[in-house]
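Quick note on labels: first sequence line is chain A, next is B, and so on, each numbered from 1.
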Amino acid sequence: MAGKAVGPVRRSFAPWTDPASKPFIEFRKVTKRFGDFVAVDDLSLIIYEREFFALLGPSGCGKTTLMRMVAGFEGPTEGQVLLDGQDLAGVPPYRRPTNMMFQSYALFPHMTVEANIGFGLKQDRMAKGEIDARVEEMLSLVKLTPFAKRKPHQLSGGQRQRVALARSLAKWPKVLLLDEPLGALDKKLREETQFELTDLQQKLGLTFVIVTHDQEEAMTVADRIAVMNQGRIVQIATPSEIYEQPNSRYVADFIGDINVLEGRIASTGNGVVRLECIGTGATVEVDQDLTAAPGDTAWFAIRPEKISISLDRPQNGTINAVEGEVWDIGYLGDVSVYHVRLPTGATMKATVTNRSRLVERPITWEDKVWLTWTRDGGVILTK
Amino acid sequence: MIRRFSFFNLTSVTLGFAFLYLPIVLLVIYSFNESRLVTVWGGWSTKWYGELFRNEALMDAAWVTLRVALLSATVATILGTLAAIALVRFGRFRGRTLFSGMIYAPLVMPDVITGLSLLLLFVAMGFARGFWTILLAHITFSTCFVAIVVQSRLVTFDRTLEEAALDLGCPPLKTFFLITLPIILPGVVAGWMLAFTLSLDDLVIASFVTGPGATTLPMRIYSQVRLGVTPEINAVCTILIGIVTVGVIAASIITKRQEVERRRAERMAMATP
């Protein structure tokens, strides 16, 4: 991985850093084709027990296909999918210890909330009393006890979503698969539910795999995120690593807001990379170990909140600094986003936290400004 | 906006409905005629209804018709539902267009041709003609109608519901009976009722494929009418009209009530957070 470690990593749960950990869900060189279309392309991936794992990518990137292969609705064209060491080939969906929460919720319209939640337990021929007790428990878990006798069409969107969650959790599956579970909810309800989900996952100690195209959702809930593009995994890392040390422009661009400056490598070595940016006259110095030859094309990527904006020329000239003109200011209440036009015509964004209740800002439209950053603010990418 | 009926509108509606219902109303009225002569009014009476139940030939025919209709509608519903599932589910197999086109063919085929071709088939195969050949013929043509009715219901069926059932540990066949069938049931019931009425009023095909000893009610009525209409026939027809009317009204009331109930429940759900 490119870049220096973000410092000593302190995590209570990180099986992926321990070579002795046993894989729980494993994709081994899996390819899936639908006719000529390659949905999943020679992909290998390990997910560990009790992990909250997110598959993130644009629509059509193969993330849903991966999940459907774990559930058993699709089989790999080539390669293997293993669960807890057992090859899943030929095991039908109804014999897999996985349960799925569907994007559309897929609640049975002709059954009550109770019957929906108890459906899976009934298939396991659990005793009537036990089913009732478990359903009761699930209902109180998702706070729907008063709605037990209702039919799905008598519930609001948020309630239906909680029924779907309760139904998929009722069997205590080894793996819970969540397909864009919160897509249909409004922002506030979604945020609440995200925290409820992580809470629940920790309380129950189950393995959750979530498919989403919403990067914020993935960052909030997941232990690790796999960013996918065109059937391949571009990067697998924790949310903060994905955000702070993206391994490519694709990942950097997909997660959050980022400024990218193109340049040529001037020198590498001793943990410092120097990059001459094209057209802006800036020299970028970054603390980073990178294998690249001088003259190679590379990109400097930095998040808007890591850029400082000032009216004065910095002391060390054009090292980690660039001059421009304020083109636009986006006022978001808590922060303001400055769009600064560079001499090359490109725009860079800088975020400033609004610390005081100023209506008049010291820096305003058409001001000549300097954008500066520190040596550990950004990252140099070679692809 | 309430639009008042203009004279032209009123006239055309009246004429239209008169054209549709006047013959039926006449038939019903004459079934209560005291007189032996159909076209001469002799005062009110229900004696022909009593007469009717003592007419063994008519009663036999009614019993044959009822058995054929019940059996053929049931078998056609099973076969038609299976055909509809095959048409909707199995994506693009070779010859799909041909198959789905062929399911519509018997709908537009004149009854005479269907009847004649079935007769030729039964003769060639050496079947003894009678009750069973009528039954087979009715199953054949009503299967297509059922398939089309069920198909329209299946198209809107959300297949993730089946996936959800499988995912929760329910095997495919059980999933069909627990999830798919209850949801497409209105379509299946509508298909059954359509098949039942088609069988009930079929004259042409039944006359072709029948043999000695198996006469359906429409055949009996038709042959009696050729010898002169008796008030008994009017009575039989009135009873048939009554059954059909009650069935149609009941079905529409049930669907209407469900719809209203559902709308109200949905409104309530949206109101509560």
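- Chosen from A:P109, A:P92, A:G158, the residue pairing most often with chain B at heavy-atom distances under 4.5 Å is A:P109.
- The side-chain contact (heavy atoms from CB on, under 4.5 Å) check on A:A218 picks up A:A54, A:L56, A:T212, A:I225, with sequence neighbours excluded.
- Annotation: B:W63, atom CH2; neighbour count of heavy atoms from other residues, nucleotides and ligands within 6.0 Å does not exceed 12.
- Using a 4.5 Å cut-off between heavy atoms, A:R167 touches chain B through backbone and side chain atoms alike.
- Taking non-hydrogen atoms and a 4.5 Å limit, the residue list of residues 113-127 of chain A in contact with chain B, ordered by number, reads A:F119, A:G120, A:Q123.
- The environment of CZ in B:R67 is crowded: more than 12 heavy-atom neighbours from other residues, nucleotides or ligands sit within 6.0 Å.
- For a residue to count as touching a neighbouring chain, one of its non-hydrogen atoms must lie under 4.5 Å from one of that chain's; by this rule A:M111 touches chain B with the side chain only.
- More than 12 heavy atoms of other shown residues, nucleotides or ligands fall within 6.0 angstrom of atom CD in A:E137.
- For the residue pair B:D158 and A:S104, the shortest heavy atom distance occurs at OD2-OG, 4.0 Å.
- Scanning residues 194-207 of chain A against chain B with a 4.5 Å non-hydrogen threshold yields no residues.
- Residue-level contacts of residues 163-190 of chain B with chain A, in order of numbering, are B:E163, B:A164, B:A165, B:L166, B:D167, B:L168, B:G169, B:C170, B:P171, B:P172, B:K174, B:L178, B:I179, B:P182, B:I183; threshold 4.5 Å between heavy atoms.
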